[in-house]
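Everything on this sheet refers to the single structure shown next.
Residue numbers start from 1 in every chain, and the chains themselves are labelled A, B, ... in the order their sequence lines are given, proteins ahead of strands.
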Amino acid sequence: MEIVAQNIDEKFSFSPKLKKQVFIIGIVGIILSIIGILVMNFGGHHGHEAGHVAEHAMAEHHGSADWVKRLFANLWINNLFFTGLSIIGVFFFAVQYVANAGWSVILLRVISSFGRFLPIAGVLMLVVFFFASHDLFHWTHDYLYDEAHPEYDPIIAGKAPFLNTPFYLTRMIAFFTVWSIFAFVLRKNALSEDANGGTKYYRRLVRISVGFLIFFGVSSSISAWDWIMSIDTHWFSTMFGWYVFASWFVSGLAGITLLVVLLKDWGYLKPVTENHLHDLGKFVFAFSIFWTYIWFSQFLLIYYANIPEETVYFWERLKSDYYSKFIFVNLFLNFFFPFLGLMTRDAKRKITFLKIVCVVVLIGHWLDFYLMVTPGTLKELGGLGFLEIGLPMVYLSAFAYVVLSGLSKVALIPKNHPMLEESLYHHT
Amino acid sequence: MQIVSQVREPLVTGGKTYKDITEDICKPVEAKPNKSWLVAVTASIITLAAGGYFMGDMLWNGIGKWGLNKTVQWAWDITNFVWWVGIGHAGTLISAVLLLFRQKWRTSINRAAEAMTIFAVICAALWPVVHMGRPWLGAYWALPLPNTFGSLWVNFNSPLLWDVFAISTYFSVSLVFWFIGLIPDFATIRDRAKTKVSRLVYGMLSFGFDGSAKTWMHYESVSLILAGLSTPLVLSVHTIVSFDFATSVIPGWHTTIFPPYFVAGAIFSGFAMVLTLMLITRYVYNLQHYITLEHIELMNIIITVTGSIVGIAYITEFFIAWYSGVPYEQYAFINRMTGPYWWAYWSMMTCNVISPQLFYIKKIRTNIMMTFILSVIVNIGMWFERFVIIVTSLHRDYLPSSWVYFSPTIHDIMCYVFSFGLFFTLFFMFAKFFPVINMAEVKAVLKDSDSKVYKGRVTIPNNVVPDEDKVLT
């Protein structure tokens with residue numbers, strides 16, 4: 001392979017045309033969401049919602065109307081999903097430094113741009129929790145802890161030192177603050193490297209990345225317990241933290257790959273070749289299998305031991321007329337599809353294949369979060385309608401706007417990274 | 001074209017040439033056994049024989065020679081089994097997973113690590129076999145073979161049977177992988193051989209390897225295929241070992257995090273054992289320029305990462321036991337910490353979680369003595385981890401009248417010693433008759449990463465380092 005002069009002074013411009021497309025996604029999303037809400041309010045009951053009225057009486061003391069609950073649950077699903085995409089941008093960026101990875105240097109800006117959504121994700125999380133805590137989290141009801149109350153729940157009361165609103169909010173705020181600070185400091189040092197050169201910033205970034213990974217190792221598990229596992233308040237599984245991480249990680253990788261491929265389509269990232277795409281494809285392939293491994297291990301152990309307080313989680317899903325099919329859809333989209341789709345070397349090196357598989361994986365993992373949140377919050381009233389299509393589009397539009405406008409403010413290729421050459425002449 | 005960045009440390013130091021590599025690695029194989037080797041091998045064989053006496057006594061008289069009782073039916077035997085299997089993870093991880101991740105530093109350590117893997121798996125397989133009581137029958141009862149005992153089949157629902165499949169598959173693939181890697185090096189030794197016997201033996205071992213371009217192509221594609229096959233296998237082995245415990249309903253055993261946490265723990269202990277052995281080999285055979293501080297540091301980093309993952313898993317288990325509100329779970333974990341086996345629990349915590357954190361300090365992870373000490377400590381800790389999981393969960397039965405304390409007998413201890421004797425005898429044999437470093441693969445990375453000195457190490461004075469690579473402290 002000969003050395004060719006490569007233009008590394010690329011800058012992404014967030015053109016008005018592209019902005020318009022991003023806004024259109026958001027507006028269509030809002031319209032669909034509104035239609036969804038209207039449909040829920042005025043007739044349009046789907047088949048599985050036949051038991052609605054009977055269930056309604058039971059759910060009465062929880063206050064909010066069904067459509068409100070469903071809106072809250074959907075907001076929460078999208079918060080979780082897009083927080084995941086965002087934090088994985090920071091995580092994967094840090095991993096590149098700690099692992100001394102050279103191949104990915106020209107992708108680092110794309111990877112780190114995902115982290116820009118973190119502060120917004122944090123605010124959204126807080127706001128939704130503020131309004132929706134009682135509808136989403138059974139444990140937030142005070143009467144559960146009151147021994148005099150007929151609905152006193154000794155098991156939940158036992159969890160009070162951990163599951164109480166002040167401590168919960170402290171954790172949430174602390175995680176988002178520290179994550180966002182790390183994302184900011186990592187980005188700032190990377191940009192100083194652009195301006196000043198030398199290996200000083202590189203070595204400093206390695207050290208900061210180590211700090212981030214240590215914090216993330218602990219906080220990612222705790223946030224999974226907090227934000228998802230505590231929905232099914234009685235239920236517990238030690239694997240759950242890593243299960244959520246696996247889901248986040250593979251969605252983040254698919255998101256990063258998709259953005260790289262789109263940027264290439266739009267004429268940017270010229271030095272990115274099939275070889276870089278191949279490696280990204282390998283990551284999506286490998287971590288789809290990793291997710292399946294974690295999913296299956298958790299399922300098998302609970303299924304095999306057959307202890308009622310654990311099987312309840314899968315009972316709610318597999319024995320439900322409505323949710324059971326999603327278990328299989330989930331496994332198909334997140335395992336079989338990427339496994340077969342990205343099996344061959346050629347598939348990982350072709351833009352079309354990567355686009356299709358990454359979109360499927362992203363939808364699949366959105367559904368994975370849907371399946372984690374909905375049965376516990378909405379019971380049998382969950383649905384997949386206009387709202388579930390519209391709201392992710394609104395989030396996607398906001399996410400894309402933040403990420404792309406962030407990306408347009410920096411050089412697309414870190415020209416002073418000490419391993420840049422390795423990346424420019426990378427081939428597998 | 002392959003470009004190697006200036007910030008990377010060289011993988012081979014001392015300005016070695018291709019010829020130097022051949023000379024340095026082949027010399028110990030071709031030379032007469034030296035004194036230190038003879039002493040080491042004799043000591044291993046004495047250990048093997050001493051342990052073998054007790055092992056034989058146990059097989060003759062029965063499992064009752066061990067300290068097992070009706071509550072603690074599994075103790076040192078299964079602890080040793082899981083411990084050895086865990087150690088047997090590093091070799092394939094280094095050669096397969098690191099190959100897939102293009103970590104070139106693996107080339108100097110993969111050979112010995114794979115050998116260690118194979119010997120460790122042999123030591124592990126020993127335990128289920130001798131635990132059968134009558135291994136001459138059990139060896140085929142464990143397999144789903146058609147037999148004359150009516151419809152007596154193995155229990156396909158049991159993870160113990162899955163283990164038989166997982167470990168035997170893993171062993172076969174690792175052995176093939178290791179041997180394929182050895183072929184070019186055997187050919188080198190064959191070509192240099194001065195006696196008829198060694199020419200014949202190494203000639204047979206090298207399978208007529210002729211070093212042509214076509215042969216190398218075959219060699220490389222086979223390596224890649226085997227790496228792809230071994231990667232899921234290496235993960236499956238300890239996953240299934242963890243199922244042995246986690247599928248049960250014993251508090252302290254049944255927890256869903258076990259599969260990935262066992263795999264991380266296995267890598268952790270495996271790398272520690274690789275370091276223990278490599279530091280000695282490096283010293284005895286003067287391989288300082290091939291197994292450099294860079295290699296040692298990178299292995300220490302893997303130990304820190306996997307040790308921290310294991311630490312997070314401990315904390316998760318502990319927290320969820322409390323969070324679950326299940327009294328049995330809560331008791332199992334409190335009892336681990338404060339019950340009669342508190343000393344085992346705290347040994348495990350100190351050795352596995354606290355000690356590897358010292359490697360965050362660069363001075364410690366680039367210090368050879370500290371690395372050696374910590375690598376031994378990690379393996380002590382990992383033995384205690386399995387002991388804690390197995391014995392402390394069993395010794396408090398659901399019926400308090402069955403509560404007991406397990407104490408090992410001399411047979412427990414000496415049977416464990418036997419497996420050490422076996423392991424070290426095999427390893428020293430390997431170290432004498434086989435090339436301990438993969439010459440062909442080290443030669444492949446020599447051009448990109450050869451240097452006389454380190455570049456940016458704090459372990460060498462900053463004044464010999466070029467300005468742009470100086471490490472800021």
How about Tyr328(B): does its OH atom have over 12 heavy atoms from other parts shown lying under 6.0 Å from it? no
What part of Val210(A) gets within 4.5 angstrom of chain B, counting heavy atoms only: side chain, backbone, both, or neither? side chain
What residues of residues 275-288 of chain A make heavy-atom contacts with chain B at a cutoff under 4.5 angstrom? Asp279(A), Lys282(A), Phe283(A)
Grab the two heavy atoms, one from Pro259(B) and one from Leu301(A), that are nearest each other, plus how far apart they are. CD-CD1, 3.7 Å
Sequence neighbours excluded, which residues qualify as ring pair (Phe, Tyr, Trp, His ring centres under 6.0 Å) partners of Tyr360(B)? none
Output field: ring centroids Tyr304(A)/Phe243(B) closer than 6.0 Å: no
Over all atoms of both residues, closest heavy-atom pair of Gly158(A) and Trp322(B): O-CZ2, 3.3 Å
Nearest heavy-atom approach of His254(B) to Ala305(A) is CE1-CB, 3.2 Å
Top residue by heavy-atom pair count (under 4.5 Å) with chain A, among Pro260(B), Gly325(B), Ser308(B)? Pro260(B)
Please give me the minimum heavy-atom distance between Leu235(B) and Tyr293(A), naming the atom from each residue. O-OH, 4.4 Å
Side chain, backbone, both or neither: which part of Val305(B) has a non-hydrogen atom closer than 4.5 Å to chain A? neither
Going through the checks in order, is the side chain to side chain donor-acceptor pair (under 3.5 Å) test met by Tyr243(A) and Thr256(B)? CA-CA 10 Å; Tyr243(A) 169 58; Thr256(B) 50; over 6 Å; no
Kindly compute the distance separating CD1 (Ile301(B)) from CG (Asn100(A)), expressed to the nearest 0.5 Å. 7.0 Å
With a 4.5 angstrom heavy-atom cut-off, could you sort out which part of Trp103(A) is near chain B: side chain, backbone, both or neither? side chain
Could you grab the distance from atom NZ of Lys159(A) to atom OG of Ser324(B), nearest 0.5 Å is fine? 7.0 Å
Turns out that what part of Ile294(A) lies under 4.5 Å from chain B's heavy atoms comes down to side chain
Can you tell me which portion of Tyr202(A) sits under 4.5 Å from chain B's heavy atoms? Options are side chain, backbone, both or neither. side chain
Quick check: under 4.5 Å, non-hydrogen atoms only, which of residues 92-103 of chain B neighbour chain A? Phe101(B), Arg102(B)
Interface residue of largest heavy-atom contact number with chain B, from Pro161(A), Ala99(A), Gly241(A), under 4.5 Å: Pro161(A)
For each of Met419(A), Glu310(A), Met239(A), Glu421(A), tally heavy-atom pairs with chain B at distances under 4.5 Å, and name the one with the top tally. Met239(A)
Measure Ile156(A) against the heavy atoms of chain B and call it side chain, backbone, both or neither at under 4.5 Å. neither
Out of curiosity, Trp242(A) CH2 to Ile309(B) CD1, how far, rounded to the nearest 0.5 Å? 6.5 Å
For chain B, which residues from residues 217-226 of chain A lie under 4.5 Å away (heavy-atom distances)? Gly217(A), Val218(A), Trp225(A)
Proximity breakdown for Leu213(A) and chain B, heavy-atom pairs closer than 4.5 Å: neither
Which distance, rounded to the nearest 0.5 Å, do you find between the OG1 of Thr247(B) and the CD1 of Ile302(A)? 13.0 Å
So, Thr238(A) and Tyr261(B): side-chain donor and acceptor under 3.5 Å apart, yes or no? no
